[in-house]
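Note that the structure is a prediction, hence the values are computed from the model and not measured. Lettering follows sequence order; numbering is per chain, from 1.
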Number of protein chains: 2
Amino acid sequence: MHSPTENRDTLTKRLTDTGLRPTPQREVVFKVILEKRTHPTADEIFAMVKAQMPTISLATVYNCLETLVQNGLVRQVNFDRAPTRYCPNLHEHAHFHDEVTGEVHDIEVPVELLSQLRALLPAGYDASAIELSFRGKASPLPGHN
Amino acid sequence: MHSPTENRDTLTKRLTDTGLRPTPQREVVFKVILEKRTHPTADEIFAMVKAQMPTISLATVYNCLETLVQNGLVRQVNFDRAPTRYCPNLHEHAHFHDEVTGEVHDIEVPVELLSQLRALLPAGYDASAIELSFRGKASPLPGHN
DNA sequence: GTAGGAATTGGAATAATTCTAATTCTTAAT
DNA sequence: ATTAAGAATTAGAATTATTCCAATTCCTAC
């Protein structure tokens with residue numbers, strides 16, 4: 001377990017380590033994404049951040065998100081034409097989008113399988129990113145009401 | 001090879017077979033997608049369709065696309081937040097999005113591999129759709145300028 | 001302390017898509 | 001053939017997520 005202070009420090013450190021100025025806005029945006037592991041949208045992040053920093057603007061949230069994504073501290077996830085979601089799990093993984101609840105769950109993918117996917121590409125094709133997502137419903141398991 | 005007439009007939013037939021009224025607008029939209037295998041956007045489809053049917057409206061193109069997609073005659077492909085593209089290849093397959101040219105290429109996926117992907121889901125998760133896409137660049141093969 | 005660059009801000013602008021309400025077209029029953 | 005009813009089309013307005021812009025504020029290094 002980390003104390004809030006430790007948390008904040010590692011968070012600040014991750015920003016500076018990637019050469020970013022650890023502005024209060026960036027820190028609070030980053031913190032909110034790390035805490036809320038529900039793949040929030042920019043609007044949701046804005047709402048949560050605003051509770052802690054009422055003067056922040058939506059444009060800043062977008063700016064922070066962009067720099068966090070560009071510097072590899074946060075991942076961007078898109079489903080169809082729905083608003084972009086942000087995900088702190090940097091580990092290469094897939095997503096399951098529950099069409100009933102709207103929730104998004106991370107799905108681990110063995111590296112072995114990822115290289116099998118890469119192997120599908122014809123010679124000369126070089127993929128810098130692979131996106132794998134499932135859409136469907138997650139029924140409650142029998143015996144788990 | 002199909003004569004244009006045969007083509008048009010199978011096209012009409014595919015509409016009626018799925019219980020859709022084969023309106024001229026639907027036919028021309030469908031035809032354009034089948035001919036242009038480049039995963040066009042709604043705007044591109046609108047432009048191409050307009051050449052043959054100058055009175056058609058963009059709203060109708062969107063309506064037609066929606067019904068074609070809902071009835072499984074055309075697939076919808078989304079990359080990040082870019083405009084939706086439409087694809088006549090119903091065969092389950094993946095997409096490679098060339099970040100240099102912007103082109104989209106179909107990638108075949110063996111059913112075997114698809115079931116391995118499905119197997120990643122925890123018990124109780126039921127996927128109605130799997131989306132797999134690659135982003136990167138397709139370098140010309142050595143010896144193929 | 002101050003200059004210069006970086007970040008933030010609010011509001012306007014953009015772009016893809018959807019909505020709305022009116023019109024036109026089909027179809028099927030008479 | 002006529003017509004009523006439902007379906008499809010249309011033009012334009014509305015929506016929504018996101019980006020752009022220009023002005024201000026904030027840091028940092030000198």
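As judged by a 4.0 angstrom heavy-atom cut-off over every strand, A/Thr55 is placed among residues touching the sugar-phosphate backbone only. A/Thr60 comes within 4.0 angstrom of a base, heavy atoms only. Using a 4.0 Å heavy-atom criterion, one finds that B/Thr41 contacts no nucleic acid atom at all.
Heavy-atom distances to DNA chain D give each of B/Ala59 and A/Ala82 a nearest nucleotide, and the one nearer the 5′ end belongs to B/Ala59. In this structure, A/Ala42 and B/Thr23 both approach DNA chain D, and ranking their closest nucleotides by distance from the 5' end singles out B/Thr23.
With rounding to whole Å, B/Asn63 atom CG is found 13 Å from C/dT20 atom P. If you measure from atom CZ of B/Phe30 to atom P of D/dA8, you get 16 Å, rounded to the nearest angstrom. Residue A/Met53 contributes atom CE, which lies 8 Å from atom P of C/dT9 at whole-angstrom precision.
Here the shortest heavy-atom pairing between B/Thr41 and B/Tyr86 reads C-CD1, 4.5 Å. A pairwise comparison of heavy atoms in B/Asp98 and B/Ala138 identifies OD2-N, 3.5 Å as the closest pair.
Residue B/Arg81 places no side-chain N or O under 4.0 Å from the OP1 or OP2 atom of C/dA16.
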Exercise for the section: Decide yes or no on ring pair (Phe, Tyr, Trp, His ring centres under 6.0 Å) for B/His95 and B/His97, but give the supporting numbers first. Expected result: CA-CA 6 Å; B/His95 290 105; B/His97 190 220; 9.7 Å; no

